[in-house]
Amino acid sequence: MRLLNKIALVTGAGNGIGEATSKRFAEEGAIVIVSDIDTAGAQRVVSEIVASGGQAEAKTQDVTDEKAWETLVNDIVATHGQLDILVNNAGIAITGNVEDTTLEQWRRTQEVNGESVFMGTRAAVSVMQQRGGSIINISSIEGIVGEPKACAYNYSKGGVRIFTKSAALHCAEQGYPVRVNSVHPGFIMTAMVEQGIASLPPEQAQAMEERLMREIPMGSMGEALDIANGCLFLASEESRYMTGSELVIDGGYTAH
Ligand code: NAP
C-alpha cells in the first residue's frame, strides 16, 4: 500500500499507459480520478478498478481546455480535501517530417502534448503548495533523441522534459513540498504505437517493426505496466529526494 489514501489524478487514463498507471495506483491504495476525453474509456477503467476492490472515479476532461483544468482540480479538492499526485499523461502522436507537417498538425500536437502539461502542472501546484505532492509529466524518449518522422512530437516532448525542470526548480525555490519529474517511455505496445504502425503502408510498417527490434537493445517493446511501475515510484515517498529528474524506461534504446 505505497499510496494509501493518496488522491491521484491521471489524464488520458481511459487507455494505454494512463489506464495501467491508474490501475497500479489503485492497487497500492490510492483513490484515482481517471480522466479522459473518451468518457466510455474512463468509465470502463473505473469499473475494472472497482471490481478489483480499488477506489476510482471517472471524469470527462479535454486537457487542452484551460477552464476545465481549474474546475476539475477545484472539484477534486472540494470532494477529497486534497490532490496528492498528478500524472500528465494524455498525448497524441501525429507523424510527419519537417517538410510534410502542416502548421495545423504542429499546433495541435503542441496544444495536446505541451500546453496541457503546463496547465495541469500550474493547476496542481496551486493546490499542492501547502500539503505537498508529486507531479509526473509523461514525456518520451523522443523528448531526448530525434525521430525524422515525428518533428512536432519531438518538439512537444522535448518541451515537456525541460518545462518539468523549470517547474521543479520553481517549487523548490519557493519551498513548496512539491516534486515534479518527467518519465520517458520507449516504444510501448499501446493503441498509439499500434495505430502508428498500422497507418503506414505494409512494407514500411514491416521495416519499422524490424528497425525497432534491431534498435531496442532488450529486443522487444515494453508494456504499459513497465511505465506504470515507474510512475508508481515517482508518485510514492520512495522517490522523496527526486525532483526535476528524468526517468527513462526504454529497454536501453537511448543508451546508444
Ligand atoms: P493511447 O493509448 O493513445 O492513450 C492516450 C489517451 O489519451 C487516450 O485515451 C486518448 O483518448 C486520450 N487523449 C487524447 N487526447 C486527449 C485530450 N485532448 N484530452 C484528454 N485525453 C486525451 O496512448 P499511450 O501510448 O498510452 O500514451 C500515453 C502517453 O505516453 C502519451 O503522452 C504519449 O505521448 C506517451 N508515450 C507513449 C509511448 C508509447 O510507445 N506508447 C512512448 C513514449 C511516450 P482517445 O483515444 O479518445 O484519443
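For ligands, and for the atoms within them, numbers begin at 1 and follow the listed sequence. This chain uses plain numbering: 1 for the first residue, then up along the sequence.
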I'd like to know if [X] pairs up with [Y] as an ion pair, taking the criterion as any Lys NZ or Arg NE/NH1/NH2 lying under 4.0 Å from an Asp or Glu carboxylate oxygen.
X      : Y     : value
Glu19  : Lys23 : yes
Glu237 : Lys6  : no
Arg24  : Glu28 : yes
Arg44  : Glu48 : yes

[Y] side chain reached by [X] side chain, heavy atoms, under 4.5 Å:
X      : Y      : answer
Ile7   : Ile31  : yes
Ile49  : Val34  : yes
Met221 : Met213 : yes

Go through ligand 1 atom by atom and flag the ones less than 4.0 Å from a non-hydrogen atom of [X].
X      : result
Asp38  : 47 (O)
Gln61  : 19 (N), 20 (C)
Tyr153 : 33 (C), 34 (O), 35 (C), 36 (N), 43 (C), 44 (C)
Ile17  : 26 (O), 30 (O), 37 (C)
Phe187 : 40 (O)
Val193 : 39 (C), 40 (O), 41 (N)
Asp62  : 17 (C), 18 (N), 19 (N)

Residue, atom name and distance, where the atom is the protein heavy atom closest to [atom]:
atom                    : value
atom 38 (C) of ligand 1 : Gly186 O, 3.9 Å
atom 10 (C) of ligand 1 : Asp36 OD1, 3.8 Å
atom 32 (O) of ligand 1 : Asn89 O, 2.7 Å
atom 4 (O) of ligand 1  : Asn15 CB, 3.9 Å
atom 30 (O) of ligand 1 : Ile138 CG2, 3.4 Å
atom 19 (N) of ligand 1 : Val63 N, 3.0 Å
atom 6 (C) of ligand 1  : Gly12 O, 3.4 Å
atom 13 (N) of ligand 1 : Ile37 CG2, 3.9 Å

Is the number of heavy atoms from other residues, nucleotides or ligands under 6.0 Å of Gln130 CD greater than 12?
-> no
Is Glu147 atom CD crowded by more than 12 heavy atoms from other residues, nucleotides or ligands, each under 6.0 Å away?
-> yes
Would you call the rings of Phe163 and Phe118 parallel, tilted or perpendicular, where under 30° means parallel and over 60° means perpendicular?
-> perpendicular
Smallest separation among heavy atoms of Arg131 and Pro177, with atom names = C-CG, 4.2 Å
Please state which part of Ser139 comes within less than 4.0 Å of ligand 1, counting heavy atoms only: side chain, backbone, both or neither.
-> backbone
Going by the 4.0 angstrom heavy-atom rule, the piece of Thr190 near ligand 1 is side chain
So, does Lys157 sit close enough to ligand 1 that a heavy atom of it is under 4.0 Å from the ligand?
-> yes
Do any nitrogen or oxygen atoms of Ile188 lie less than 3.5 angstrom from nitrogen or oxygen atoms of ligand 1?
-> yes
Kindly state if atom 23 (O) of ligand 1 has a protein heavy atom within a strict 4.0 Å cut-off, that is, under 4.0 Å?
-> yes
Take Met189 and Glu194, measure what side chain to side chain contact (heavy atoms under 4.5 Å, CB included) needs, and give me the verdict at the end.
-> CA-CA 7 Å; Met189 222 358 140; Glu194 279 167 20; 3.4 Å; yes
